[in-house]
Amino acid sequence: MINIENLTQQFSSGKGIFGVTINVEEGEVFGFLGPNGSGKSTTIRHLMGYMKPQHGRATIKGLDTWVNQSEARSHVGYLPGEMAFLDGMTGLSFLNMMAGMQETHNPSRRAELIRKLQFDPDIPIRKMSKGMKQKVGIVATFMHDPAIYILDEPTSGLDPLMQHVFIELVLEEKARGKTFLMSSHSFAEIERTCDRAAIIRDGKIVATKNIHELQTMQRKSFNVTLGDEVAVEALLSSALTTKRMDERTVRVDLQGNYDLLIQTLGSYHVKNISADDQSLEQIFMDYYDQEEAES
Amino acid sequence: MNLALYRHMMQLHLKIFLGFGIGSAVYVSLITSLFPLLDDNMAQIDDMMKMLPDGMMRALGMESISNYGQFISAEYYGLFYLLILGVFSVMVAIQLVARLVDRGSMAYLLSTRVSRTAVIVTQMLVLISGQLVIHVLTFAGGALAARFLIDTERIALTEFFQINAVGFCLFLAISGYSFLISCLFNDEKNAFAVAGGVTFLFYGMNMMGKIVTKIDWIRHFTPFSRYEPGKIASGEGDVLVSVVILGLIGLLSYGLAIFFFRKRNLPL
């Protein structure tokens, strides 16, 4: 459905994207991970026909996204990364304008989306909070029931509850056979929806993996608080990567080997386990470390 | 063009269009209603005007005030009108493209099946519609004031219409190159500075050429030289040639704007 072949665009600053290749199959949810400024948005701009590739090409349903940009866009629901609406419009008049341009009015679907995301579309956009604006954007993207969704950092600005609603929405559409390309700098968001993900860094794709591979690659840290000294000694002397934090607490770093932790702790009294959140940056670092170790 | 986009863009800008249009209409009708007061003493006023320096008179387009057209040219179309419409053309041309590109809103307009050509043609039509609204209201203001506020047969509506028509074409040219500049820049402020600067430069060159007769030729490089309301009023101006030349500059600029907007990379 979405094919990006060897796409290159170098800016005068020397930054850009270099030889990006991504294939997204029909019905697949594809995650596009990378730190800010790594080239996610630049790649997406090519898919929307905003930029002419210096090398390579991108197609949507076989349509070249530069040469046949409007035909290619007609299959797409696009959520831009920046929420920049027109001044002086209400949410509703913006949605009306977008519906007119999409040429598919589906008032019941729109009303359903507004109900799910719980916001008042009659407020002037200028007075809306960041989260509310993002909701208006999401409705505009989903309301014409496109076959393909291209979402640039879709959950930025949404509170955790609405992030959950949004993920539900993506899963519903996925169940209906829709295709997604979704960029993010949050691994958690990608983890819950995507089948596969590509990691981009400094404009180059460093890995394209299915989500389970990425999950096992991801290192997680747990702080385990134990009941007595015997248990602490047992954990420290196990094959796990451990570090004693204080008298009764040990930090354990895991990378896929969850069973070993469960077995080791099985016969002891555990007072508390808390997970350290791992940032995407950390995942990248782990990934690069691994690459270097292998080479 | 795209009708849904046109409708919403017109809604969004209607306040500005009506603001400038009604302001201009009220001013013209006020000045028009003053005309009979002057008309009675026309000979003396004309004599008095002759005492003022020639260069200054030419610069303000008040070579002579012996009929309504010349009067309204001197009082409005020679100076205020140019300032008001100049500000309007540059400002709205920048708002309709460069601002949307700079702020990223253009991403929404270009996220649907509507092509770049259709989007930019629609924005162009919004700008031209705005100018049409202002000119129609201004002409209506003058004509209605002449018909209902004052009691004189000396209001020459044909010449008054011609002044407005040539004025409309002048601002078609000015809004045209402003729109072209708006389509070329990523940064709203730069686009505004360049479009405003060029317009100011043209206006200044025209003024210089009028004041200093030795460098009269300098005026031919500005669209303002094809707009001489005083001469139209006294029947000396070649209205048709002006309309054609200014219209062509406008068409060419808008055409280039569409061409470049279709081809360029957009930082959205």
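Naming: A, B, ... by sequence-line order, numbering from 1 per chain.
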For a side-chain contact (heavy atoms from CB on, under 4.5 Å) with Arg73(A), tell me which candidate from Val114(B), Thr112(B), Leu110(B) qualifies. Leu110(B)

Mind checking the CG-CD spacing from Leu86(A) to Gln11(B)? Nearest 0.5 Å is all I need. 12.0 Å

Residues in residues 256-268 of chain B near chain A [non-hydrogen atoms, under 4.5 Å]: Arg262(B), Lys263(B), Arg264(B), Asn265(B), Leu266(B), Pro267(B), Leu268(B)

If I compare all heavy atoms of Met101(A) with all of Leu109(B), which pair ends up nearest, and what's the gap? CE-O, 3.2 Å

Is a donor on one side and an acceptor on the other found under 3.5 Å between the side chain of Arg116(B) and the backbone of Gly49(A)? yes

Against chain A, label Leu12(B) side chain, backbone, both or neither, depending on which of its atoms sit under 4.5 Å from a heavy atom there. side chain

Which atoms of Leu3(B) approach chain A - backbone, side chain, both or neither, heavy atom under 4.5 Å: neither

Tell me if a side-chain donor or acceptor on Arg113(B) pairs with a main-chain N or O of Glu103(A) at a distance below 3.5 Å. no

Atom CD in Gln102(A), atom OG in Ser111(B): separation rounded to 0.5 Å? 6.5 Å

Chain B heavy atoms under 4.5 Å from Glu82(A): which part of the residue, side chain, backbone, both or neither? both

Taking the six-membered ring for Trp and the full ring for Phe, Tyr or His, determine whether the centres of Tyr108(B) and Phe94(A) are under 6.0 Å apart. yes

Which heavy atom in Ala84(A) sits nearest to a heavy atom in Gly104(B), and how many Å separate them? CB-C, 3.8 Å

Flag side-chain contact, heavy atom, 4.5 Å: Phe85(A) against Ser105(B): no

So for atom NZ, which belongs to Lys116(A), do other residues, nucleotides or ligands contribute more than 12 heavy atoms lying within a distance under 6.0 Å? yes

